Structures are given as structure tokens and as C-alpha cells.
Amino acid sequence: MSLLVKNIGLLVGIDESGRLRVAGEAMKSIATLPDAWLLTEGTRIKDYGPMEQLPTETPSSTLDAEGGWLLPSYCDSHTHIVYAGSREREFLDKINGLSYEQIAANGGGILNSADRLHDTPEDELYRQAMERIDEIVSMGTGLVEIKSGYGLTLDDELKILRVIRRIKENAPLEVRATFLGAHAVGRAFKGRQRDYVNHVCDEMIPAVAAEHLADFIDVFCDRGFFTPEETAQIIERGAAYGLSAKIHANELAVSGGVEVGVRHKALSVDHLESMGDEQIQALKGSDTIPTMLPGCAFFLGISYPPARKMIDAGLAVALASDYNPGTAPSGNMRFVASLASIKMKMTPAEALNASTLNSACAMGLSNDYGSITRGKVANFYITKPLPSLAFIPYAHQTPIIKKIVLKGKLQ
Ligand code: NIG
Ligand code: FE
């Protein structure tokens, strides 16, 4: 099977260097080719070039982009899309002035979602999650990470992770699973956080690993949730079972999560709404990708991460949606990139690099995803003709996507 896309107005996001991430000043550039074609073979990108050098071989099928642009699919390295129902009640509480922490302390928040998930059969959970998958695919996402963390008991954590496995097997996009048993202390362990942490380490991690249900491990390392010491204990145990770490850090306070993540060579530290200069320094020289989730700051009305400071310090930052029922009920990566430009002063090119190559890197997958590169997975979308790259985040609600190709297949 091969697919030739011709008459591409602008081929965007080309990388011929094979780099796994793009950092600092270099984030401002995006390589492009005007008036181009692109050829896939099987699930991969085979070749591309200018229209005057169209390949002579006959492909299995041809697609005319009619002057529209071709961009690499978004990579969303942080979501919680397997959840039951929705949480508008808390949305109203927030409107009436309660903070995220107050809502959580009143038994809302993550525990509320855990109760609902417990009462929802696995098939129904899968059905609801697949609706969200269809939604993010239609908005241009081609690679997504999905966390557990709304189970908080062994059985319910396994239930979510099995749903994620079913999504992996059936969805057209690529999926990675993260075990987030330490998202909050499960109800049965109320007041016994230490015992819950031991339960996560001694019972949950081995059970998850026995079924090969997770690729990564995560901990909510923040004020009122888990400490850096508990985080270290959990991710060390995860590492013993081959799980790389991705950490929720510094959403509610400077939590020590960044430092513990860097020390343990985490793939990423995510959120970063509360960041001091020391945390930025801690990230310099490490391979850990600082990942920002501006949809969460937008929804909660909290401060945005200091993206400019991080990029100007030479870091390779990533963007992700955090799609979840409590703090970011949307998986629209284009809107995330718009927020990055509007609220965090990232240029459109920086936001595109952060939501493609660098977010693939935050899943350890930038070898195969995140740019238009010969040999990488053929994950891309074709837009209508656009006036400029800046138009994409600028006209953030104007529909632009006309065709989507995932793993070489037209959707
Ligand atoms: O990434 N911060 C922790 N976890 C989620 C929110 C979970 C919830 O409120 O349901 C987040 O924002
Ligand atoms: Fe999250």
C-alpha cells in the first residue's frame, strides 16, 4: 500500500537531521517545502519533494491536497481520557469561588471520578473513552499517552489500564499507557497515605507489570498529594519493572517534583505552573522534557508556566492537553498551541515544535513520530490553503483540517 499526496501548498515540519528534540533558540524554526508531494509506503513516510520532481512510480492511491498544507500530527504526551461521566458540578463550584484544592478536600476531584469509574462497567468506560479518541483524532492528534489514576484500587486501576489496552488495539492512532496509581490516596486508605504508597509499590506495580499493561509510571507530586520522597519510592519501584517515569509536578506549588524527576531521569515533568529559577536550572543539562499543559491553567484560572524563561534558558519544552474531567476537559491540541502563543508568548513555530517533536520525545517516541521525516510513521493532516503558519493559532476556532492520514491510512 502506498499513498501519494500531491499539490501540497506547503509541507511543514520537515526534519532531515534525525534529532530527537529541538531546544531553545532552534525552536523558532520550522523547515518547510512549498509546492510539494509526499509518498507513503505501508505505515511510513517514504519520500517527499517538489512538484516538478514528481515520482514516476504508480502509487496504490493518490490524494490531491489542492494547495492545502500538510503538517505532522500532534503528539499529546499527557492525557487522562479514560474516565466515567463528567464533572460539571465542580465546574459550578469553581465558578462560585472554590479552588481546585478545596474541591478535592471536600471529596470532589479525583476521588469523585474514582467513585464513578468504580460504578461504570468496563465496556461502557471503553465506549466513552473511544468517543474522546474519535474527537482528538478529528482534531489532528496522531499519538497519545493515556494515564490510569481514576481507579485507586488494584481492581479499578487494572480496569482502566485494560481499557487503554483495548484502545491501543482498536484506535487508528498510536497509544502509550501510564500507570498513575499515585494520583490520590484511595478511599480505603484515607488517613493512611504511607500504607497506600506501599500498596502502590508492593501490590499494584507488580500486578500492572505482570499483565504488561503500562509503558510508563506517574505520580502526582504536589502540595496536598504525594511528597518527593514518596514519588522517588514509587518511580524507583516502577523502574525495577521497566517503567520510565513521567511526573505531575509543580501544578499547585513548587513541589520538589521537578528535582526528583530529573534525578531519576524521568522522561518528562509535567504541569510546571509553579516554577522558580532553580527548577529551570535543574532541568538544564538533563534529558527530562518540561511539559506544559496550558489547557489546565486556562480552565482553573491559575498562572501559566514560564514558557519564555524556559525556552530562553535553552530547554526543549513540550505541550500536551491534560485532557481530564477535572482540570482540562478538552483534548484540542490546536487550542493548546494557541494558548501557548496567546498566554505564554510562544511563537507559532515554537508551539508547533513543542506539540509535535518534543511531545513525541516526552514519550520516548521522537525516533518515529513528531516530524515529516523519511522513515517515520506516516501521521499527518492536510489543511485547506492557509495564509501563514501564524494563522493556525490565530484563527483558533476556524476549521482547517480536510484530511487525516494515520499510519499511512486515510481516515
Ligand atoms: O493533571 N493534577 C492532577 N491530575 C489531573 C487532574 C485530575 C482531576 O482533577 O480529575 C491534572 O490536572
Ligand atoms: Fe494530568
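Each ligand, and each atom within it, is numbered from 1 in the order the structure gives. Computed from a prediction, not measured in an experiment: that's the story for all the values here.
- The nearest protein atom to atom 4 (N) of ligand 1, hydrogens excluded, is given as H183 NE2, 2.7 Å; this is a heavy-atom distance.
- Within a 6.0 Å sphere centred on CZ of F391, other residues, nucleotides and ligands contribute more than 12 heavy atoms.
- In the displayed structure, F298 atom CZ is contacted under 6.0 Å by at most 12 heavy atoms of other residues, nucleotides or ligands.
- E25 CD: 12 or fewer foreign heavy atoms inside a 6.0 Å radius.
- Of all atoms in ligand 1, listed by their number and element, those nearer than 4.0 Å to a heavy atom of H78 are 1 (O).
- When E251, E273, E101 are each tested for a salt bridge (Lys or Arg N to Asp or Glu O under 4.0 Å) with R223, only one passes: E101.
- Shown here is H118, whose NE2 atom has no more than 12 heavy atoms of other residues, nucleotides or ligands within 6.0 Å.
- Nearest protein heavy-atom neighbour of atom 12 (O) of ligand 1: T327 OG1, 2.6 Å.
- Under a 4.0 Å criterion applied to the non-hydrogen atoms of R87, ligand 1 contributes the atoms 8 (C), 9 (O), 10 (O).
- Salt-bridge check for R127 with D123: failed, with every basic side-chain N at 4.0 Å or more from each acidic carboxylate O.
- Excluding waters, the protein N/O/S atoms found under 2.8 Å from the Fe ion (ligand 2) are H78 NE2, H80 NE2, H248 NE2, D322 OD1.
- By the 30° and 60° cut-offs, the orientation of the rings of Y100 relative to F225 is parallel.
- The local environment of NZ in K28 is crowded, with over 12 non-hydrogen atoms from other residues, nucleotides or ligands closer than 6.0 Å.
- Side-chain atoms of H248 and H183 form no donor-acceptor pair, as typed in the model, at a separation below 3.5 Å.
- A cation-pi contact, defined as under 6.0 Å to the ring centre and within 45° of the axis, is absent between R116 and Y150.
- Here the shortest heavy-atom distance to atom 2 (N) of ligand 1, taken over K147, E251, H80, belongs to E251.
- Protein heavy atom in closest approach to atom 10 (O) of ligand 1: Y150 OH, 2.6 Å.
- When heavy-atom distances to ligand 1 are checked against a 4.0 Å cut-off, Y100 comes that close only through its side chain, counted from C-beta outward.
- Remark: minimum distance from atom 11 (C) of ligand 1 to any protein heavy atom is reached at D322 OD2, 3.2 Å.
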